[in-house]
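All ligand and atom numbering here is 1-based and tracks the order in the structure.
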Amino acid sequence: MLEYFPFRYLDKRNITQIGGIQYNVADYLQVEGKLISLEVVGEKRGRRLVGILSDGSGEMELVWFQGIGWVENTLKIGGRYKAFGKVSFFQNSPQITHPELDLVEGDRKEVKAFFDPVYPSTEKLKGRGLGGRQIAKLTATLLGLLSEKDVDENIPQEFIDRYKLLNRFEAFRKIHFPGSIDDSNAAIRRLKFEELFIAQVRMGLRRVKRHRASRGYTFTEVGDLFNIFYKDHLPFELTEAQKRVIREIRKDIGSGRQMNRLLQGDVGSGKTIVALSVMVIAAGNGFQSCLMSPTEILAVQHHQSLSRMLKALPVNVKILTGSTRARERKKILEGCESGEVQILIGTHAVIEDRVVFKNLGLAIVDEQHRFGVAQRAKLWKKNELPPHVLVMTATPIPRTLALTAYGDLDYSVIDELPPGRTPIVTVHKKEYGRPQVMDFIKQEILKGRQAYIIYPLIEESPKLDFENLMKGYEEVKAFFPEANYTISMVHGRQKAEQKNTNMERFVKGEANLLVSTTVIEVGVDVPNASVMLIESAEKFGLPQLHQLRGRVGRGSVKSYCILSTRVNISREAKLRIGIMCETNDGFKIAEKDLEIRGPGDVEGTRQSGLLNFKIANILEDKAILEEARISAESVIEIDPELAGEQNQGLKTFLESQRGKTKWSRIS
Ligand code: ADP
Ligand code: MG
């Protein structure tokens, strides 16, 4: 009951002048005056007790339909009362039905501030006598029976002092029955802190436990392979952020414990090269590694770029997907088992049971939210010790949120884009502007650039989706006649092989245009493409739009993203498009997305529900979240056993909570 919090309070501090009550504004009010009459009127169902209260500025009726006899006997005509309740209007004059009444003793004006808690209830609960009012009464009774020593503190004193938090008992008392707004704010702050602190301590402890318990393979050296790769085969200088992340990963994989790391980075920040580097290090240490991509197109692309970079080096890289031919597949499977295949790139096919590795030491999951937990769990069975795991997010989420949601993983972030990027210009165009848009694309093609035209994927109706795309394709063909332009099309109904061939034509620059549904959403990399036209952009979510836009602006050429919509779109769609036009920063977009949709829906955290707190709101409570995080981290750092005197309350609390909350993990 103590943890069943009111959702608001009735403010009973103010006393309203009866004469000043605004006509037809039905609100909870408190008035104070003299009871000048009291009589029973009406017959049968209309029978009621009516009192008249006068405060000098005016008079109002107080009405009872029930308990008439009791009320009549209790009230004194001529007495001074405070009446509280919801005002309604009967024949143009204000009245309160079934008011709460307090006798005002003598002439003394009571000035004590007073708030009444309002609790959520349901019809069913009300039917059992547990309406809001009853819950308040029970809670009041309960609190009257308890004292500070009955409610154990679960936040170490140090933080209570540092952040000036109420103790747990006080917080419960004041959230239910605050004497002032300040009281309730202080109580709420403390309880939010507690919630965020406990969650993060719990995850931090899990991380510590994993670090200790999980022995992993040790990659002792960088390896000649990596050194040569780094010196002679990297197509560009790594950014400082990329170097730092590789260092962080190297420290993990050299430590003797299993790595379980989340890598965040905005679209286009260059996560792929980090993944490839780590796989080369693994190979140099005599371990096999695999990289899993959400789509076949992406797997093919990773395979190509890695093979290209490693061409001159003695590393065996293979690709395995759903469409790998039986004979080739057999050879690859044998190669994995014998250890001959050092790096395996692919889709889900990579973690199927029949893929047996000789010595898998590293698994990388690209664009993680598409992989289910169960699929990831399969990795654990691939070798004696679990391989190191690196999970790369497709859509970044704000750092504090990532630390909260994935606090049991280690965390790296690439917070810098490769140099020489020109920001993408994003504009919103209504459908009727399409001819100009197409003209614009023509000019870009004339400059030697390429363009994407994307149609939404309507998951509920693949048929409609296909028709949409085909209609669009015809339209595009009308603007770009086949005699002068080459158009490639990719969609979900094509066989994988066909998809790859068509994609390939675009990648190689043979096609000017790629018309597609969202199959290209994640990952593909064609630096020469400078226009991304998204049709029916109002149907896409923010992360998706940002991902799609990230397909352009990958080289130094100036790039454009055109969001085409119907003329009338919803308020939310307008908001999303506005944000897209305003910023290119994926972390900012993620934050906005969160604001619009609420934390329960963040890509990649949805399954876990980790960001849904009971009283805290991670969007509004960023400051508290940060304080709680720092506090939790300091506990984990200094006393991970929770052995210290100061942490006993916390320890006991966590033990009592065990099994009550289910925290799923992402890998
Ligand atoms: P994402 O993080 O979205 O997966 P990619 O790894 O696909 O991004 O990289 C985006 C583009 O940036 C690619 O064309 C890649 O070759 C290029 N790139 C990555 N790192 C660098 C760098 N340090 N300098 C220049 N270009 C880079
Ligand atoms: Mg990528």
Exercise. Report yes if Asp525 has an N/O atom closer than 3.5 Å to an N/O atom of ligand 1; otherwise report no.
Key: yes

Exercise. Heavy-atom contacts with Glu237 under 4.0 Å: which atoms of ligand 1 show up? List them by number with element.
Key: 22 (C), 23 (N), 24 (N)

Quiz item: When you look at CG of Asp232, are more than 12 heavy atoms from neighbouring residues, nucleotides or ligands closer to it than 6.0 Å?
Solution: yes

Quiz item: Does the distance from a Lys or Arg side-chain N to an Asp or Glu carboxylate O, for Arg434 and Glu535, drop under 4.0 Å?
Solution: yes

Quiz item: Within the structure, does Gly270 bring an N/O atom to less than 3.5 angstrom of an N/O atom in ligand 1?
Solution: yes

Quiz item: What are the two closest heavy atoms between Val552 and Ile424, and how far apart are they?
Solution: O-CD1, 3.5 Å

Quiz item: Has Gly550 got any heavy atom lying under 4.0 angstrom from an atom of ligand 1?
Solution: no

Quiz item: Looking only at heavy atoms, is any part of Leu238 under 4.0 Å from ligand 1, and if so is it the side chain, the backbone, or both, or is it neither?
Solution: backbone

Quiz item: Looking at ligand 1, does any of its N/O atoms fall within less than 3.5 Å of an N/O of Gly268?
Solution: yes

Quiz item: With the threshold set at 4.0 Å, does a side-chain nitrogen-carboxylate oxygen contact exist between Arg576 and Asp593?
Solution: no

Quiz item: Looking at Arg554, which atoms of ligand 1 are within less than 4.0 Å of one of its heavy atoms?
Solution: 3 (O), 5 (P), 7 (O), 8 (O), 9 (O), 10 (C), 11 (C)

Self-check item: Candidate with minimal heavy-atom separation from atom 5 (P) of ligand 1, of Leu298, Val267, Asp266, Thr272
Solution: Thr272

Quiz item: Relative to ligand 1, is Met392 under 4.0 angstrom through side chain, backbone, both or neither, heavy atoms considered?
Solution: neither

Quiz prompt | Aromatic ring proximity, centroids under 6.0 angstrom, Tyr452 and Phe506 | solution = yes

Quiz item: Under 4.0 Å from any heavy atom of Thr239, which atoms of ligand 1 are there?
Solution: 23 (N)

Quiz item: Are the charged groups of Arg244 and Glu416 less than 4.0 angstrom apart, N to O?
Solution: no

Quiz item: Between Glu633 and Arg207, is there a side-chain N and carboxylate O pair less than 4.0 Å apart?
Solution: no

Practice problem: Answer side chain, backbone, both or neither: which part of Arg421 comes under 4.0 Å from ligand 1, heavy atoms only. | Solution: side chain

Exercise. Decide, yes or no, whether a salt bridge links Lys495 with Glu497 under the criterion of side-chain N to carboxylate O below 4.0 Å.
Key: no

